[in-house]
Novice: 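I have a structure I would like to understand better, so I am pasting it below and will then ask my questions one at a time.
Starting from 1, each residue takes its place in the sequence as its number. Below, all heavy atoms of this structure are taken into account, side chains as well, without hydrogens, waters or symmetry copies.
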Amino acid sequence: MSHVPTKHGKVAVFTAGSWGTAFSIVLADAGNEVVLWARREELAREINEHHENPDYQPGVELPPAVSATSDVEKALHGADMVVLATPSQSLRAGLTEWAPHIEKDAVIVSLMKGVELGTLERMSEVIAQVTGAGPERIAVVSGPNLSPEIARREPAASVVACADEEVAKMIQHRIHSPAFRPYTSTDVLGCELGGAYKNVVGLAVGMAVGLGFGDNTTASVITRGLAETARLATALGANPLTLMGLAGLGDLVATCSSPLSRNRTFGEKLGQGMTTEEIYASTRQVAEGAKSCSSLLALARKTGIDAPIAEHVDAVVAGRMTAQEMMDSFIARDTKAEAD
C-alpha cells in the first residue's frame with residue numbers, strides 16, 4: 001500500500017464521453033490536474049480551445065485544470081491515477097491498447113457499469129486481466145451519477161470501493177469536491193453488480209413508462225429489481241447492505257426515475273414500439289443495460305438465481321418479445337418463484 005500516493009496529482013480519464021467529461025470536472029474541482037483522452041484529435045482540440053466538450057457535455061464550461069489529448073502516451077505519462085469511463089463492452093479492446101502506457105504504480109478506477117459479454121466478468125476483473133494490476137490498485141466508483149447533473153455540479157454522493165480500504169480512502173480524498181461526496185467500501189463485487197443490474201431494471205421501468213403505466217407499476221418493477229439484484233449479488237458473495245446503499249438502491253432510484261437516464265430512455269422507446277436497432281441508430285449514447293442484460297442473465301443462470309427481469313428485458317431487447325408481452329408475463333408469473 002505504501003506505493004499509493006495520497007496527494008493530489010495528475011489523473012488520466014479515458015474517455016471523453018459524457019461520464020468521463022463530467023467526472024473530469026469533479027476531479028479538477030477536487031484539486032487534480034486532469035487529462036481527458038479523446039479518440040478523435042478534433043474533439044481534443046475543441047476541448048482545449050473552448051474549454052467545453054461540444055459532443056457530450058455541450059454548454060458546460062470545463063475547469064482550467066482539465067485538458068484533452070488524443071495521444072495515449074501523453075495522457076498517461078506521469079498519471080498516478082487512471083479513470084476508465086468507456087462503454088463496458090469495449091473496455092477490453094481499449095485497455096489492451098492503453099495498458100502498456102499506464103504507470104506501473106498507478107491506481108486504476110472504473111466508472112463503468114456492466115458485465116462483459118461472453119466472459120461474464122465484471123469490469124474490475126477485466127482490468128486485472130489486461131493490466132496485471134493487483135486488487136490494491138483497482139477501484140470502482142458507483143452510485144447515483146447522472147452525468148448531466150454531475151457536470152452542472154449538483155450535489156451528489158457515491159461509493160468508492162477497493163479491496164484495500166486505505167486505497168479507497170485515498171481515492172475518496174482525491175475525488176471529494178464541493179459538490180461530490182464519496183463514501184468508501186471494500187465490497188467491489190456488490191458495487192459493480194448493483195451498478196450493472198440497475199441498468200437492466202431501468203430498461204424495464206422505461207418500458208412500463210413507454211407503455212403509459214404509472215407509479216404503482218414502476219414502483220413494483222423497481223422493488224422487484226432490487227430484490228433480483230440482491231439475490232444474485234449476495235449469492236456471489238456481496239454484502240447485502242451494499243445493495244441498500246448508494247451503489248444499490250441509490251443508483252437504482254436515480255436510473256429508474258430520471259428522464260436523464262439513458263437506460264430508462266432506451267426502455268421508454270422500446271415501450272413505445274421502437275426496435276433496438278432503431279434506437280441505436282437514433283443516438284450516440286450507450287445504454288449499458290441493453291448490452292449487459294444478456295450477460296447478467298447468463299451470470300444469474302450460471303449461479304442458479306431466478307432472474308425474471310433480466311430474462312424478460314433480454315427478450316425484449318433481442319426482439320423475441322414486445323414490451324407489452326413482457327408486462328403481461330410479469331403479472332402472469334407463478335408467485336411461488338417470488339418467495340424471497
Novice: Distance from L299 atom CG to E116 atom CD, nearest 0.5 Å?
Specialist: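 It is 12.5 Å, given to the nearest 0.5 Å.
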
Novice: Mind checking ring pair (Phe, Tyr, Trp, His ring centres under 6.0 Å) for F23 and listing every partner two or more places apart, or none if nothing turns up?
Specialist: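 Residues passing ring pair (Phe, Tyr, Trp, His ring centres under 6.0 Å) with F23: W19, F180.
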
Novice: With sequence neighbours left out, write down each residue that passes side chain to side chain contact (heavy atoms under 4.5 Å, CB included) with A68, or none if nothing qualifies.
Specialist: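 Applying side chain to side chain contact (heavy atoms under 4.5 Å, CB included) to A68 gives L36, A44, I47, N48.
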
Novice: Is there a donor-acceptor pair closer than 3.5 Å between any side-chain N or O of K10 and the backbone N or O of H77?
Specialist: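 Yes: the side chain of K10 pairs with the backbone of H77.
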
Novice: Decide yes or no for T69 and V35: does some side-chain heavy atom of the first lie under 4.5 Å from some side-chain heavy atom of the second?
Specialist: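 Result yes, sub-4.5 Å side-chain heavy-atom pair found.
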
Novice: Each residue besides V188 in its hydrophobic cluster should be listed here, by chain and number; the cluster joins Ile, Leu, Val, Met, Phe, Trp and Tyr at side-chain heavy-atom distances under 4.5 Å.
Specialist: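 Traced through the cluster, V188 reaches V140.
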
Novice: Working to the nearest 0.5 angstrom, can you tell me the gap between I309 CD1 and L296 CG?
Specialist: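 Atom-to-atom, I309:CD1 and L296:CG are 12.0 Å apart.
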
Novice: Please check if the side chain of T15 supplies one atom and the backbone of A38 the other of a donor-acceptor pair under 3.5 Å.
Specialist: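 Side chain of T15 to backbone of A38, a donor-acceptor pair under 3.5 Å: no, none is there.
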
Novice: Answer yes or no: is there a donor N or O on one side and an acceptor on the other, between the side chain of N199 and the main chain of K113, under 3.5 Å?
Specialist: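 Yes, N199 side chain to K113 backbone: donor-acceptor pair under 3.5 Å.
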
Novice: Taking CD in E41 as the centre, count heavy atoms belonging to other residues, nucleotides or ligands within less than 6.0 Å. Is the count above 12?
Specialist: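 No, the 6.0 Å shell around CD holds no more than 12 heavy atoms from other groups.
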
Novice: Using side-chain contact (heavy atoms from CB on, under 4.5 Å), reason through V313 and L297 one step at a time and then give a plain yes or no.
Specialist: CA-CA 9 Å; V313 168; L297 175 59; over 6 Å; no

Novice: Got a sec, which residues hit side chain to side chain contact (heavy atoms under 4.5 Å, CB included) with P240, two or more places apart in sequence or on another chain?
Specialist: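 By the side chain to side chain contact (heavy atoms under 4.5 Å, CB included) rule, P240 matches T234.
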
Novice: Give the other cluster members for L246, using side-chain heavy-atom distances under 4.5 Å between Ile, Leu, Val, Met, Phe, Trp and Tyr residues; answer none if it is isolated.
Specialist: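 Listed partners: V159, Y183.
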
Novice: According to the ring-ring contact (aromatic ring centres under 6.0 Å, His included) rule, which pairs have a member within residues 83-139, sequence neighbours left out?
Specialist: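 Of all non-adjacent pairs touching residues 83-139, those that pass ring-ring contact (aromatic ring centres under 6.0 Å, His included) are F14-W98, W37-W98.
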
Novice: Side-chain heavy atoms nearer than 4.5 Å, only ILVMFWY residues, links allowed to pass through others: does that put L193 and I305 together?
Specialist: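 As far as the 4.5 Å side-chain criterion goes, I305 and L193 are connected within one cluster.
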
Novice: Between R39 and S70, is a side-chain contact (heavy atoms from CB on, under 4.5 Å) present by the stated rule, with each step listed?
Specialist: CA-CA 5 Å; R39 193 170 296 279; S70 58; over 6 Å; no

Novice: Run through the side-chain heavy atoms of Ile, Leu, Val, Met, Phe, Trp and Tyr, join any pair under 4.5 Å, and report what else lands in L117's cluster.
Specialist: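 Under the 4.5 Å side-chain rule, L117 groups with nothing.
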
Novice: Measure across L189 and A233 and return the closest heavy-atom pair with its distance rounded to 0.1 Å.
Specialist: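 That closest heavy-atom pairing would be CD2-O, 3.8 Å.
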
Novice: List the steps, then state whether side-chain contact (heavy atoms from CB on, under 4.5 Å) holds for C162 with T186.
Specialist: CA-CA 5 Å; C162 180; T186 55; over 6 Å; no

Novice: Start with the C-alpha distance between T242 and D187, add both sets of side-chain angles, then the distance that settles side chain to side chain donor-acceptor pair (under 3.5 Å), and finish with yes or no.
Specialist: CA-CA 7 Å; T242 301; D187 187 9; 2.6 Å; yes

Novice: Which residues pass the salt bridge (charged side-chain N to carboxylate O under 4.0 Å, His left out) test with R153, sequence neighbours left out?
Specialist: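 Per chain and number, R153 pairs via salt bridge (charged side-chain N to carboxylate O under 4.0 Å, His left out) with D29.
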
Novice: Starting at CG of L27, measure out to OG of S177 and round the result to the nearest 0.5 Å.
Specialist: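 Rounded to the nearest 0.5 Å, the CG-OG separation comes to 9.0 Å.
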
Novice: Can you tell me if N53 and T21 form a side-chain donor-acceptor pair at under 3.5 Å?
Specialist: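 Checked: N53/T21 side chains pair up, N/O donor to acceptor below 3.5 Å.
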
Novice: Quick one, D314 with R320, criterion side-chain contact (heavy atoms from CB on, under 4.5 Å). Give me CA distance, side-chain angles, the key distance, then yes/no.
Specialist: CA-CA 9 Å; D314 181 56; R320 299 189 302 270; 3.0 Å; yes

Novice: Does D164 come within less than 4.0 Å of R137, counting only side-chain N to carboxylate O?
Specialist: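 No, no charged N to carboxylate O under 4.0 Å.
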
Novice: If I take atom CG from residue L62 and atom OG from residue S24, how far apart are they, to the nearest 0.5 angstrom?
Specialist: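 Going from the CG atom of L62 to the OG atom of S24 covers 5.5 Å.
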
Novice: Is there a side-chain contact between T119 and Q129 in this structure, where contact means two heavy atoms from C-beta onward sitting under 4.5 Å apart?
Specialist: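 A side-chain contact under 4.5 Å is absent here.
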
Novice: Output, in order, the C-alpha distance, side-chain angles, deciding distance and verdict of side chain to side chain donor-acceptor pair (under 3.5 Å) for E192 and S124.
Specialist: CA-CA 8 Å; E192 286 191 295; S124 64; 2.7 Å; yes

Novice: Determine whether a donor-acceptor pair (N or O, by modelled atom type, separation under 3.5 Å) exists between the side chain of Q89 and the backbone of V115.
Specialist: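 Looks like yes, one N/O pair under 3.5 Å.
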
Novice: Answer whether the closest heavy-atom distance between the side chains of V221 and M207 falls below 4.5 Å.
Specialist: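 Sidechains of M207 and V221: no contact.
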
Novice: Within the side chain of S292, is there an N or O that forms a donor-acceptor pair under 3.5 Å with the backbone of S295?
Specialist: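 No.
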
Novice: Quick one: does V109's side chain get under 4.5 Å of V82's, heavy atoms only?
Specialist: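 No, their side chains stay 4.5 Å or more apart.
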
Novice: Would you check if there is a donor-acceptor pair between the side chains of T255 and K198 at a distance under 3.5 Å?
Specialist: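 Present: a donor and an acceptor within the cut-off.
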
Novice: Roughly how far apart are M326 CE and H312 NE2, rounded to 0.5 Å?
Specialist: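 NE2 of H312 is found 7.5 Å from CE of M326.
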
Novice: Between the main-chain N or O of G202 and the side-chain N or O of N263, is there a donor-acceptor pair closer than 3.5 Å?
Specialist: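 Answer holds: no.
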
Novice: Please check this pair: side chain of T217 against backbone of F213, looking for a donor-acceptor N/O pair closer than 3.5 Å.
Specialist: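 No.
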
Novice: Starting from L91, can I reach Y56 by hopping between I/L/V/M/F/W/Y residues whose side chains sit under 4.5 Å apart?
Specialist: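 Looking at the clustering, L91 is in a separate group from Y56.
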
Novice: Quick one: CE on M321 to OG on S329, what's the gap to the nearest 0.5 Å?
Specialist: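 Taking CE in M321 and OG in S329, the distance rounds to 4.5 Å.
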
Novice: Are N32 and R174 packed together at the side-chain level, in the sense that at least one heavy-atom pair is separated by less than 4.5 angstrom?
Specialist: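 They are in side-chain contact.
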
Novice: Start with the C-alpha gap between R301 and D306, add the side-chain angles, then the distance that decides, and say whether salt bridge (charged side-chain N to carboxylate O under 4.0 Å, His left out) holds.
Specialist: CA-CA 7 Å; R301 285 175 171 165; D306 187 43; over 6 Å; no

Novice: Should we say atom CD of E61 is surrounded by more than 12 heavy atoms from elsewhere, each under 6.0 Å from it?
Specialist: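 No - once you tally the heavy atoms of other residues, nucleotides and ligands closer than 6.0 Å, there are 12 at most.
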
Novice: Between Q172 (side chain) and P182 (backbone), is there a donor-acceptor pair under 3.5 Å?
Specialist: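 Pair found, side chain donor or acceptor close to backbone of P182.
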
Novice: With sequence neighbours left out, write down each residue that passes side chain to side chain donor-acceptor pair (under 3.5 Å) with T223, or none if nothing qualifies.
Specialist: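 In terms of side chain to side chain donor-acceptor pair (under 3.5 Å), with neighbours along the sequence ignored, T223 is linked to no residue.
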
Novice: Does V130 belong to the same Ile/Leu/Val/Met/Phe/Trp/Tyr cluster as M81, with side-chain heavy atoms less than 4.5 Å apart forming each link?
Specialist: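 V130 and M81: separate clusters.
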
Novice: Without placing hydrogens or testing angles, list every side-chain donor-acceptor pair under 3.5 Å for residues 265-274, not counting sequence neighbours.
Specialist:
{"from": "T265", "atom 1": "OG1", "to": "P259", "atom 2": "O", "distance (Å)": "3.1"}
{"from": "T265", "atom 1": "OG1", "to": "S261", "atom 2": "O", "distance (Å)": "2.8"}
{"from": "E268", "atom 1": "OE2", "to": "R264", "atom 2": "NE", "distance (Å)": "3.0"}

Novice: Find out whether V13 and V34 are in side-chain contact, i.e. whether some heavy atom of one side chain is under 4.5 Å from a heavy atom of the other.
Specialist: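 They are in contact (side-chain heavy atoms under 4.5 Å apart), so the answer is yes.
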
Novice: Could you tell me which residues satisfy side chain to side chain donor-acceptor pair (under 3.5 Å) with E125, sequence neighbours excluded, listed by chain and number?
Specialist: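 Checked E125 against side chain to side chain donor-acceptor pair (under 3.5 Å); matches are R122.
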
Novice: How about D80 and E103: do any of their side-chain heavy atoms sit closer than 4.5 Å?
Specialist: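 No, side chains not in contact.
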
Novice: When you look at CD of E73, are more than 12 heavy atoms from neighbouring residues, nucleotides or ligands closer to it than 6.0 Å?
Specialist: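 For E73, atom CD is not crowded (no more than 12 foreign heavy atoms under 6.0 Å).
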
Novice: So that I can tick it off, tell me whether E288 and R262 are bridged by a salt bridge, with the cut-off set at under 4.0 angstrom between side-chain N and carboxylate O.
Specialist: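 Not counted as a salt bridge, because no side-chain N and carboxylate O are separated by less than 4.0 Å.
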
Novice: Where the side chain of E149 meets the backbone of L146, is there a donor-acceptor pair that is under 3.5 Å apart?
Specialist: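 It does not hold such a pair.
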
Novice: Only counting residues at least two apart or in another chain, list the ones meeting side chain to side chain donor-acceptor pair (under 3.5 Å) with E165.
Specialist: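 Counting only residues at least two positions away or on another chain, E165 forms no side chain to side chain donor-acceptor pair (under 3.5 Å).
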
Novice: S18 versus Q57: any side-chain heavy-atom pair under 4.5 Å?
Specialist: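 Yes. Closest side-chain heavy atoms under 4.5 Å.
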
Novice: Using atom types as modelled and distance alone, determine if a side-chain donor or acceptor of S282 lies under 3.5 Å from a backbone N or O of I279.
Specialist: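 Checking the backbone N and O of I279 against the side chain of S282, a donor-acceptor pair under 3.5 Å is found.
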
